[in-house]
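Some notes on the structure that comes next.
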Amino acid sequence: MPNEVAAHYDPAGLEKTIAQQWAETKPFAATPDENDRRYVIMMPLPNVTGALHMGHAMDNVMQDMLTRWHRMLGDNALWMAGTDHAGIATQAVVEKRLFELEGKTRRDIGREALVGRIWDWKEQYQTRIVSQQQAMGCSCDWDRQRFTMDKVCERAVYWTFFHLFRDSLIFRGTRMVNWDCHLQTAVADDEIIYESVQGHFWHLRYPVIDPQPGELESVAVATTRPETMLGDTAVACHPDPRGALEELIVKTKERLSRASQKDTAELEAEIERLEKRRVTHLPQLEQLTAMAEAGRMVRLPLLDRPIPLICDQWAKPGLGSGCVKITPGHDPNDYEVWGRHQEQIGIINILNIDGTLNDNAGPYQGLDRFDAREKVVADLKSQGLLEAIEDREIEIGHSDRSKTRVEPYLSEQWFVRMGDVDGGVMCGRGTQNEFVAPGLAQAAIDAAQGEWRSPSGRNVSFHPDIRYRNTYISWLAEKRDWCISRQLWWGHRIPIWSGKFQGRVLQEKLAWLAPYLSRADVVAQLQMDETTEVLQPDSLERHIAHIAQIDENAGAQILVCLREPAIQTDTAGEFEIAGFVRDPDVLDTWFSSGLWPHSTLGWPDPDTAAIDPGQSPLGKQNGADDCLSYYYPGSCLVTGRDIITLWVARMVLMGLYNLGDLPFTDVFIHATIMDGKGERMSKSKGNGIDPVDIIERYGCDAMRYVLCEMQTGSQDIRLPIQAISPFTNKPVDLAKAEHGSTIFTYLCPESGKEFDVLGTMPDVPAAKLISERFEVGRHFCNKLWNAVRFALLNLEQTSFVPRAPTELPFEDRWILSRLTRAIAEVQHQLEVYNPSAAISTARDFFWSELCDWYLEMIKPRLREAGEADSARQVLAFSLDQVLRLFQPFIPFITDFLWQRLSEHAAQRGIDRQLHTPESIARAQWPQANPGWQDDALEQRVGFLQEVIRAIRDIRSQYTVPPKQRVQVRIKTSGATPEILNEGMSHICSLASVESVEIAPDAKRTHDSATAVVGEVEIYVLGVIDVDKERVRLNGQIKKLTGPLEGVRKKLGNQKFLSRAKPEVVERERAKLVDMESQLSTLNEHLQELG
RNA sequence: GGGCGGUUAGCUCAGUGGAAGAGCGUCGGCCUUACAAGCCGAGGGCCAUCCGUUCAAACCGGAUACCGCCCACCA
């Protein structure tokens, strides 16, 4: 006995049933086989910092949709899932909790204990994330999921680091970095958020030492960070202040000449200001330049340190006093100035890693930088050296992770060289894809533009194209070296052991190294005399001799990089005994996620790749390819626009470097989800929706349906958000609700009580966030559910008989023709990455044509024994195809209904029987059958629909009860009577008509209402109300008149007739005839009414 | 400072040169034996503004206004 389809659609129960089946039968398992068509998506790995929100849901649903579609197309499809350890973010979260709950810092509990706690955190959130993704129906091969710090990914990280180091593409250098004083680590430029704050501009005065007669006795400088003056090592003025100022004036005038109105006033004021400076500032500046050239010094106040006056173009005569203090240790621009004047000025670091001042700050040592600022300002003021304080809005960089202010800070960091290098970079070394690129960044640029193709003939294309490709290329084009070290404990520790040695010890260490250097998993560098050289077994003697020769106390640094498994075994210990120390830093998260597309597949050697218990092996199985050779290079990357640079670019260059081929050929950038106010959705802003809350309320398929429908080409999506009031359980519109005591609490409009949207307030009840926009999806699923239910009630003994479509009744041929069109269109829209258009096409076919017309048309047939069979067969087939079309979008309900359909109508098809596997997930994608398309038939049915609508309209206008059948006369001639007769039964049943008379000279009765469809006049008898009819006819006349005038005007225009395409003119002429006849008919009837 | 989007019905958005579209919401009528989470109808827009190109512009070009994004810089 087949399962009944319940009268009510219950997404929760159904989704649970189907999820269980998937878990048991594993229809998404991917294994290399004979199939040479493959489709691979690597999931943008979510961070284990926290649970997923709607933005992730969009990302996952897009990937799942593409993967499921390709699986149905017959591809061997792999969707690789996994999570990212997200170094800095996760450590920050865990450290924050540690402090909040236990009052301890990471240094209190130590490296090992902290890392242990982070692992616990990771387990907890990874579980949560995977359960969210499974609730979303993600068809990943769950037996292959990975984590960036698991054994396989870790090995890939160490191998890559090792190769880059060996190729001198990784180096250590002193750089100005953004220092997070709270987390005590360097953070990347991308991890900085600039915020505008009300600050000040302090004008300071430094006295000149021993000014000559006539010379200035002091120099003024301005700063937004007065405490940095303690690290000043020079004051700079421009080498040619007059020239620079004049040039600036000229440039500003040029800008004025092409400025828009709104900027004019501002620019004019600027020019005036600059011109005034010729008088107010220039003389002093020129004097200062001369003094600088003469080697004059100034005295740094408070510390009493003499510092030189120098000339450098960094000083801008148009700004401030025209002179600038130089703090090379704490300002990136000043650091560059230092680079140009190294022999003349020094660098002083005044900060400790925690943001307090160090012993270079003299009396200010030990103060926090913010306290030091106040004291410095106060002291300068008391000495009369503070000229002015100006209020000014300034942009301050904050660390995205700790939300604290970052400081420019000079430190030793590890970098990957992104620029071009002499001799180029060998990509895919040791593979069949070897090629030489100018540099890593250039390799990634080439991959996305021009004629470049990888050895396998691939390149990268973006969807949508121009906008995002530009983002990618312009970022890479800067070729800035990539700072990969982070002063954290959570992550892949840098596999470098180093030691500084001198003289005899140095010579001994070099000799000791000899046996290691011949090993494949050890590489060493010698840094000496400002040069770096990779040590070779045969160069050791030369170095040892060289040291003896130059200086017996010569010092040098030896850096040793160990590759797996040398790190794990005794080798590392041997180096430590020998006095080498492992670098304490860990690698930037993006270093490991950049390897994701190949590390997860077992690179560099799938056969020896470590897997977790229960996981599928990566190496060769049953004579098939290993996973890496089979699934790399992959197909498509699906992500948001925010990580194009951080991640997409890095995956491309890492893939090219390690394997000589691209990780994917298509990059699909989907929309970013915003809230109702247009703000980006995020958990911490209190506007982040948990997909699970949506799934609970509306069902997963409903959520997916709406997400797909929202995914058009535009760059962002507004999703108005409601909170479910914990007091009334009703939705509250957050755009309208009043706030409570904080910005994260709102007042329930009905009860007046306060609730919290972050879920972090101890005393305030938390509210779930939802969006009512997902209702549409639930409505749709309900419709689909009921359509199949209806069919099943009528499909009791359906069997398959091959039938030629031409033998079928015209409504059957019509729906097959429309279906053919829909299939082709859905296919096309998916190919061009337009999920919204694809799902809308499928929806319109299903709802507006199959349900609204076809089902209604065949209802009478289903009740008649002789005709029911063919109707059932076409109905079963149509629903089969509809379910297949929707499977990639709404997988749960389609799978469930598919199984029910198979229980009632196991054999389905029209001219041939379809293959119907147990789960629709493995079914074949519908094929458009061009032979079924019949344009003439579609036109005839279109006409019948118009006639039916016209009658329905009249019925509605006169509120004729649905059960009351009406009599209709139709005045027409030519071919139309035939069409009308063909559709007669449908007109009668669908418009509730009792009888229709068709005649070329049909007459309306005095009590009938009139409608005009093309050349056809329709009279609905016995319903009229003269006044109402007059109003109705007038309305229709009015509606026609405007467009009619437009067409007349067009056709009266000679130029239109001569220049427009002939078919356009023809169309307009036909239109005119049609409209005029309609209009005259309407007028006639109006007159007859009197 | 440089670059890039957007502005279409009350809301959320489609629409790449030939009579303005969808869903939701609104209004009217229907519990018509699949579906009231539904059915049948209706109303609603000088397509942000201005100027061009064209026989013809929501669509192409230029300018303006307002939203927004990215990059760089900010003593």
Side-chain angles (χ1 to χ4, degrees), chain A residues 5 7-9 194 201-204 221-225 228 235-236 255 260-262 314-316 319-327 331 333-334 392-395 466-468 470-471 474-475 478 641-642 644-645 672 674 676 678 680 698 702 706 709-710 712-720 772-773 775-776 778-794 834 836-837 840 843-844 851-852 855-856 859 949 952-957 959-963 990-992 1042-1044 1046-1047 1050 1053-1061 1063-1065 1067-1068 1071 1075:
Chain A
V5 172
H8 270 277
Y9 165 56
Y194 287 95
F201 211 34
W202 282 274
H203 295 260
L204 318 179
V221 291
T223 179
T224 55
R225 297 183 297 154
T228 61
V235 169
R255 270 176 53 202
S260 62
Q261 257 177 342
K262 108 187 136 161
W314 171 239
K316 305 282 184 245
L319 273 178
S321 68
C323 290
V324 57
K325 61 194 264 313
I326 302 297
T327 322
D331 182 283
N333 290 301
D334 294 0
R392 181 167 156 168
E393 194 167 279
I394 45 178
E395 298 267 290
I466 303 298
R467 206 179 334 158
Y468 297 120
N470 284 349
T471 306
S474 59
W475 182 80
E478 290 183 34
R641 62 187 139 86
D642 46 336
I644 292 174
T645 52
T672 302
M674 315 291 218
R680 198 191 171 82
Y698 300 104
V706 172
E709 199 185 38
M710 288 195 300
T712 62
S714 68
Q715 73 172 346
D716 51 28
I717 291 170
R718 280 180 188 228
L719 194 63
E772 288 176 333
R773 283 199 57 190
E775 278 186 358
V776 177
R778 191 179 49 182
H779 293 182
F780 176 80
C781 292
N782 183 56
K783 185 75 179 179
L784 186 60
W785 176 269
N786 278 293
V788 173
R789 195 166 80 91
F790 166 78
L792 297 189
L793 293 173
N794 289 285
N834 192 341
S836 173
S840 299
R843 177 211 181 272
D844 288 347
C851 291
D852 289 352
L855 284 187
E856 297 303 326
K859 275 180 180 173
R949 281 202 192 99
R952 282 172 172 173
D953 186 14
I954 288 172
R955 298 181 59 106
S956 180
Q957 301 282 343
T959 53
V960 180
K963 280 177 184 159
L990 299 183
S992 206
L1044 179 64
V1047 176
K1050 237 183 204 180
N1053 184 341
Q1054 266 312 314
K1055 285 185 175 172
F1056 171 71
L1057 297 177
S1058 59
R1059 299 204 191 177
K1061 280 178 273 181
E1063 65 264 31
V1064 173
V1065 177
R1067 199 158 57 223
E1068 293 295 312
K1071 232 189 294 180
M1075 288 164 102

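Keep in mind that what you see is a predicted model, and the values were worked out from it rather than measured. Below, read A as the first sequence line, B as the second, and so on, with proteins coming before strands; counting in each chain starts at 1.
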Between B/G23 and B/C70 - C1' atom distance, rounded Å |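 It works out to 32 Å between them.
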Quick check: closest heavy atoms across [X] and [Y], and the distance to 0.1 Å?
| X | Y | value |
| --- | --- | --- |
| A/S992 | A/P962 | OG-O, 2.9 Å |
| A/D334 | A/T327 | OD2-N, 2.7 Å |
| A/A702 | A/C781 | N-SG, 4.0 Å |

Return the polar atom pairs (N/O with N/O) between nucleotides 10-12 of chain B and the protein under 3.5 Å, or none.
residue: B/U12; atom: O3'; partner: A/R718; partner atom: O; Å: 3.4
residue: B/U12; atom: O2'; partner: A/R773; partner atom: NH1; Å: 2.2
residue: B/U12; atom: O2'; partner: A/R773; partner atom: NH2; Å: 3.0

Using a heavy-atom cut-off of under 4.0 Å over every strand shown, decide if [X] touches base, sugar-phosphate, or nothing.
| X | answer |
| --- | --- |
| A/F780 | nothing |
| A/D844 | nothing |
| A/C323 | base |
| A/T224 | sugar-phosphate |
| A/E856 | base |

Strand RNA chain B in bracket notation, Watson-Crick/G-U under 3.5 Å with | for pairs to another chain | ((((((((.[[[[.)..(..]]]].(((((.......))))).....[[[[[..)....]]]]])))))))....
Partners meeting salt bridge (Lys or Arg N to Asp or Glu O under 4.0 Å) with A/D953 (sequence neighbours left out) =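 So A/D953 forms no salt bridge (Lys or Arg N to Asp or Glu O under 4.0 Å) with any residue.
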Could you list the residues that satisfy salt bridge (Lys or Arg N to Asp or Glu O under 4.0 Å) with A/E856, not counting sequence neighbours?
->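 If we apply the salt bridge (Lys or Arg N to Asp or Glu O under 4.0 Å) test to A/E856, skipping adjacent residues, the hits are A/K859.
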Which whole-number value in Å describes the distance from A/E478 CD to B/C71 P?
-> 10 Å
Contacts of A/E1068 that satisfy side chain to side chain donor-acceptor pair (under 3.5 Å) - sequence neighbours left out |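 Only A/K1071 meet the side chain to side chain donor-acceptor pair (under 3.5 Å) criterion with A/E1068.
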Protein-nucleic acid N or O pairs under 3.5 Å, nucleotides 24-28 of chain B:
residue: B/G28; atom: N2; partner: A/S956; partner atom: OG; Å: 3.4

Between the side chain of A/T959 and the main-chain N/O of A/S956, is any donor-acceptor distance below 3.5 Å?
-> no
